[in-house]
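Report on the structure given below.
All values below were derived from every heavy atom in this structure, side-chain atoms included, with hydrogens, water molecules and symmetry-related copies excluded. Fair warning: this is a prediction, and the values are worked out from it, not measured in the lab. Whatever order the structure lists them in is the order used to number ligands and atoms, beginning at 1.
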Amino acid sequence: MLAVQAIPILSDNYAWLLRDAATGAVAIVDPAEAGPVAAAIDAAGGRLDLILLTHHHADHVAGTDTIRDRYGARVVGAAADAHRLPRLDRAVAEGDRVALGGSEALVLETPGHTRGHIAYVFADPAVLLCGDTLFSLGCGRLFEGTAAEMFSSLRKFDTLPDDTQVCCGHEYTESNARFARHADPDNAALAAYAEGVRARRAAGQATVPSRLADERACNPFLRAPDVATLANLRARKDRF
Ligand code: ZN
Ligand code: FE
């Protein structure tokens, strides 16, 4: 059993604190800002076993060495990007498994936003740490990869169960909802979901983790049926 907590950092990023209930083992995903991440770790008991990195951008990794030095945690990241990530204690690739106490994450390679982007999937409960590949109601910009790569990365997420908690790297949902409504104006589920997002943001609440079922029903990028549709959506969103 895994408990998940969003830690707001920087202007609109989230680091994620994961705690395995059976053993008390703790992991942090993408600790880009050491202060609030350390505060969250200390509030959870001061233990840190693992730092899991999704990709090399500074707004995901900048606090890694500070947090590692303070807690002595092991750092896990993509073998493909080891040359531009903080020093890794374990370099992983597609299909590798990473233990956190009694829980276990499966590593998925999800290029598109960056070449070496990876995601972590836990099964009990279903939790997806997807960095800047999938956002609630959106997807990451194609900085280094192609629309075809992003499409196949999103297809990997589409095999996960409906109740998967989608833990992404940014609070972009409200602005993503504006584009999604523009791109898919007749989607009633999206209209209702976007209204809930607006209300949560107005109340100062996080909109993530979202449920994969809602992303399947509402997220135009996850719903894109083919590469050309996804490429067109991504290009329009870049100019929106
Ligand atoms: Zn990024
Ligand atoms: Fe980012």
Q. Is the cationic atom of Arg200 (NZ for Lys, CZ for Arg) positioned less than 6.0 Å from the six-membered ring centroid of Tyr193 and within 45 degrees of its normal?
A. yes
Q. Got a salt bridge between Glu144 and Arg84, using NZ or NE/NH1/NH2 to carboxylate O under 4.0 Å?
A. yes
Q. Would you say Glu171's side chain and Thr207's backbone share a donor-acceptor pair under 3.5 angstrom?
A. yes
Q | Test: Arg141 and Asp132 ion pair at under 4.0 Å | A | no
Q) Who are the ring-ring contact (aromatic ring centres under 6.0 Å, His included) partners of His55, not counting sequence neighbours? A) His57, His60, His113, His117
Q. When you check the gap from the basic side-chain N to the acidic O, do Arg115 and Glu109 get nearer than 4.0 Å?
A. no
Q | Tyr120 and Asp96: CA distance, side-chain angles, deciding distance, side chain to side chain donor-acceptor pair (under 3.5 Å) verdict | A | CA-CA 10 Å; Tyr120 302 88; Asp96 284 348; over 6 Å; no
Q.
Does anything in residues 1-34 form a ring-ring contact (aromatic ring centres under 6.0 Å, His included)? List the pairs, not counting sequence neighbours.
A. Tyr14-Trp16
**Q.** Atoms of type N/O/S from protein, distance to the Fe ion (ligand 2) below 2.8 Å
**A.** 4
Q) With the threshold set at 4.0 Å, does a side-chain nitrogen-carboxylate oxygen contact exist between Asp158 and Arg216? A) yes
Q | Cut-off under 2.8 Å, centre the Zn ion (ligand 1), protein N/O/S atoms | A | His55 NE2, His57 ND1, His113 NE2, Asp132 OD2
